[in-house]
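Residue numbering restarts at 1 for every chain, and letters A, B, ... go by the order of the sequence lines. Bear in mind that the values here come from a model prediction, so they are computed numbers and not experimental data.
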Number of protein chains: 2
Amino acid sequence: MELNQVSYFINLAETLNFTAAARLSGVSQPSLTRAIRRLEDELGGPLIYRDGKNSRLTGLGHDVEAEFRRMVVAMKSVRNHSEHWAMGGHRVLDVAVAPTVGPKEFTAFFESALAEMPSIEIKLHSLQSNEDTSEVLSGKYHACIMPRETRPERKLDVHPLFRERFVLGCSANHPLAANEIVRGEDLLEFPFVDRLKCEFRDRILDHFARRDLLMRPRFR
Amino acid sequence: MELNQVSYFINLAETLNFTAAARLSGVSQPSLTRAIRRLEDELGGPLIYRDGKNSRLTGLGHDVEAEFRRMVVAMKSVRNHSEHWAMGGHRVLDVAVAPTVGPKEFTAFFESALAEMPSIEIKLHSLQSNEDTSEVLSGKYHACIMPRETRPERKLDVHPLFRERFVLGCSANHPLAANEIVRGEDLLEFPFVDRLKCEFRDRILDHFARRDLLMRPRFR
DNA sequence: ATTGATTACGGTAGTCGTAATCATA
DNA sequence: TATGATTACGACTACCGTAATCAAT
């Protein structure tokens, strides 16, 4: 079964005349005759009663026509779609933002990007906790915004977007409340909780390890 | 755009792997690669990002996949249909019966026919007044049952099914009431109405003409 | 070294158009 | 004779498979 056979048959079903159908299809009459015959051979039965000016579709021909029309519709839809696409039509950019970051930090950037490229639509997703940059490689998202830099990957473009300060929240009469700057070393004097699920745990462990500081968590 | 390209692409969209898609499609890997490339050339843009184990469909690829699946569904439907048809599946026979005749005369025949050919369904239609045997030639009906024989047509099978008697209805003391048989000549003695729209008018005119009898209608 | 995709190339199948043939009105 | 469909035949396109090449892990 070939698509030219399909469109030939549609034209034949509309004209019930091989000559006219061939003209509609832009091929010679023998070519259309052969195409229809091949179709009939493949489907195992005649599609049209050949009877000069009284030609008419067989029952099978009627049934087949309906399905073929669906195929032609789908095919035209593909052509339309790809044409619009090629013309720089609508494109959707799926961007995932980690929940810790929150998209509101970037609304200004998104707005200017949308203004600059009117043919682009940006769809924001919330990056799930079990997802990471591999979701970009697999194609689920086109880009993602994360709270920490990832290990460099050749296949990924990684750009630094922002820096975040770590801030200590404590009571006003806490010994550290007076410090303008609180270093990691200062923190080690006090008991702390090791939150295994903290997004920044790896980075903080790494930070202290590089400074040869020993962390002694009091709770876990 | 060819149907093999369509099914190749469906397989590729499911596997995201040219080698696996080629195996599924039953062709060599280079052949599938070329088919996809031709498709992309025709549609004017890439359908899949080629990236080893991280290959993924483009936006256009996603859109095209949906439409292509519709085409494949329609194609499979055609195959199923024609297969059932070839297996002696369901066939509908459209039979038109002239309203003068009425289908009830043939219910016994239709019932026996249905019993004999279980794969056949008979659909009865009422033959409209402006329709005749040409509706069979044009394919609207497969057969029609008419109250009079038509002129012989090479393209039509004509079979006599029944004979109808013409009966005189009159009052008991009418001069003709005593006759066992009423001949046309007997009728000519009496005034009668020439019903131009009578279905049998032509046949009756012909009948008298062949006997050199002059009809003198008193009303029209 | 292995997996995955593309390019090169010779062979072949299938489709096309022209022209001839057949059938019918 | 004119219209419509099929068959015959030579030509060409385009697809396929094998094999080689390129790229990345």
Side-chain angles (χ1 to χ4, degrees), chain A residues 1-9 11-43 46-58 61 133-134 136-139 151-157, chain B residues 1-9 11-43 45-58 61 133-134 136-139 150-157:
Chain A
M1 198 187 304
E2 297 295 331
L3 278 178
N4 54 3
Q5 292 174 316
V6 171
S7 62
Y8 292 175
F9 178 75
N11 287 332
L12 180 59
E14 279 178 357
T15 60
L16 295 177
N17 177 316
F18 282 73
T19 309
R23 194 172 51 247
L24 272 182
S25 308
V27 295
S28 69
Q29 191 199 44
S31 183
L32 190 133
T33 290
R34 282 188 304 256
I36 299 298
R37 169 159 290 283
R38 284 194 304 272
L39 208 49
E40 290 176 324
D41 289 345
E42 181 174 349
L43 298 184
L47 295 171
I48 185 172
Y49 296 122
R50 291 152 173 81
D51 188 15
K53 297 185 197 305
N54 297 118
S55 288
R56 58 204 179 273
L57 294 185
T58 64
T133 51
S134 71
V136 175
L137 283 177
S138 76
R151 56 175 168 71
E153 276 226 47
R154 284 200 328 91
K155 288 182 179 176
L156 289 176
D157 276 334
Chain B
M1 197 187 305
E2 297 296 331
L3 279 179
N4 54 3
Q5 292 175 316
V6 171
S7 62
Y8 292 176
F9 178 75
N11 288 331
L12 179 60
E14 278 179 356
T15 60
L16 296 177
N17 176 316
F18 282 72
T19 309
R23 195 172 51 248
L24 272 182
S25 307
V27 295
S28 70
Q29 191 199 44
S31 183
L32 190 132
T33 290
R34 283 188 302 255
I36 299 299
R37 169 160 290 283
R38 284 195 303 272
L39 208 49
E40 291 176 325
D41 289 345
E42 181 174 349
L43 298 184
L47 295 171
I48 184 172
Y49 297 121
R50 292 153 172 81
D51 188 15
K53 297 185 197 304
N54 297 117
S55 288
R56 57 203 180 274
L57 294 185
T58 64
T133 51
S134 70
V136 174
L137 283 177
S138 76
T150 63
R151 56 176 167 71
E153 275 224 50
R154 285 201 328 90
K155 288 182 178 176
L156 289 177
D157 275 334

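- R56(B) meets the salt bridge (Lys or Arg N to Asp or Glu O under 4.0 Å) test with D51(B); sequence neighbours excluded.
- We find that CG of N54(B) is positioned 17 Å from P of dT3(C), with the value rounded to whole Å.
- Proximity of L16(B) to L57(B): side-chain heavy atoms (C-beta onward) are separated by under 4.5 Å at one or more points.
- Pairing each heavy atom of P46(B) with each of T58(B), the nearest pair is O-OG1, 2.9 Å.
- When rounded to the nearest whole Å, the span between NZ of K53(B) and C1' of dT3(C) equals 5 Å.
- Residue pairs meeting the salt bridge (Lys or Arg N to Asp or Glu O under 4.0 Å) criterion with at least one member in residues 14-33 of chain A, sequence neighbours excluded, are E14(A)-R69(A).
- Listed pair T33(B) / dT6(C) meets the phosphate criterion, a side-chain N or O lying under 4.0 Å from OP1 or OP2.
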Can you pull every protein N or O that's under 3.5 Å from an N or O on nucleotides 20-25 of chain D?
| from | atom 1 | to | atom 2 | distance (Å) |
| --- | --- | --- | --- | --- |
| dT25(D) | OP2 | R154(A) | NH2 | 3.1 |

Please tabulate the protein-to-nucleotide N/O contacts below 3.5 Å involving nucleotides 12-16 of chain D, giving atom names and distances.
| from | atom 1 | to | atom 2 | distance (Å) |
| --- | --- | --- | --- | --- |
| dC15(D) | OP2 | R38(B) | NE | 3.0 |
| dC15(D) | OP2 | R38(B) | NH1 | 2.9 |
| dC15(D) | O5' | R38(B) | NH2 | 3.2 |
| dC16(D) | OP1 | Y8(B) | OH | 2.8 |
| dC16(D) | OP2 | S31(B) | OG | 2.6 |
| dC16(D) | O5' | S31(B) | OG | 3.0 |

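- Under the rule for a ring pair (Phe, Tyr, Trp, His ring centres under 6.0 Å), the partners of F9(A) that lie at least two apart in sequence or sit in another chain are F68(A).
- Between Q5(A) atom CD and S25(A) atom OG the span is 12.0 Å, to the nearest 0.5 Å.
- Within residues 13-20 of chain B, the residues approached by DNA chain C to less than 4.0 Å at the level of any non-hydrogen atom are N17(B), F18(B), T19(B), in residue-number order.
- Atom CZ of R23(A) is separated from atom P of dA5(D) by 11 Å (rounded to the nearest Å).
- The shortest distance between side-chain heavy atoms of L32(B) and T19(B) does not fall below 4.5 Å.
- With contacts defined as side-chain heavy-atom distances shorter than 4.5 Å, the pair F18(A)/I48(A) qualifies.
- Other residues, nucleotides and ligands contribute more than 12 heavy atoms inside 6.0 Å of the CG atom of D41(B).
- In this structure, E40(B) atom CD and dA5(C) atom C1' are separated by 12 Å, rounded to whole Å.
- Rounding to the nearest 0.5 Å gives a distance of 10.5 Å between CZ of R34(A) and CD of Q29(A).
- Rounded to whole Å, atom C1' of dT24(C) lies 20 Å from atom OH of Y49(A).
- Looking at heavy atoms from C-beta onward, I36(B) lies in side-chain contact with R50(B) at the 4.5 angstrom threshold.
- For L3(B) and dT15(C), the CG to C1' distance is 16 Å, given to the nearest whole Å.
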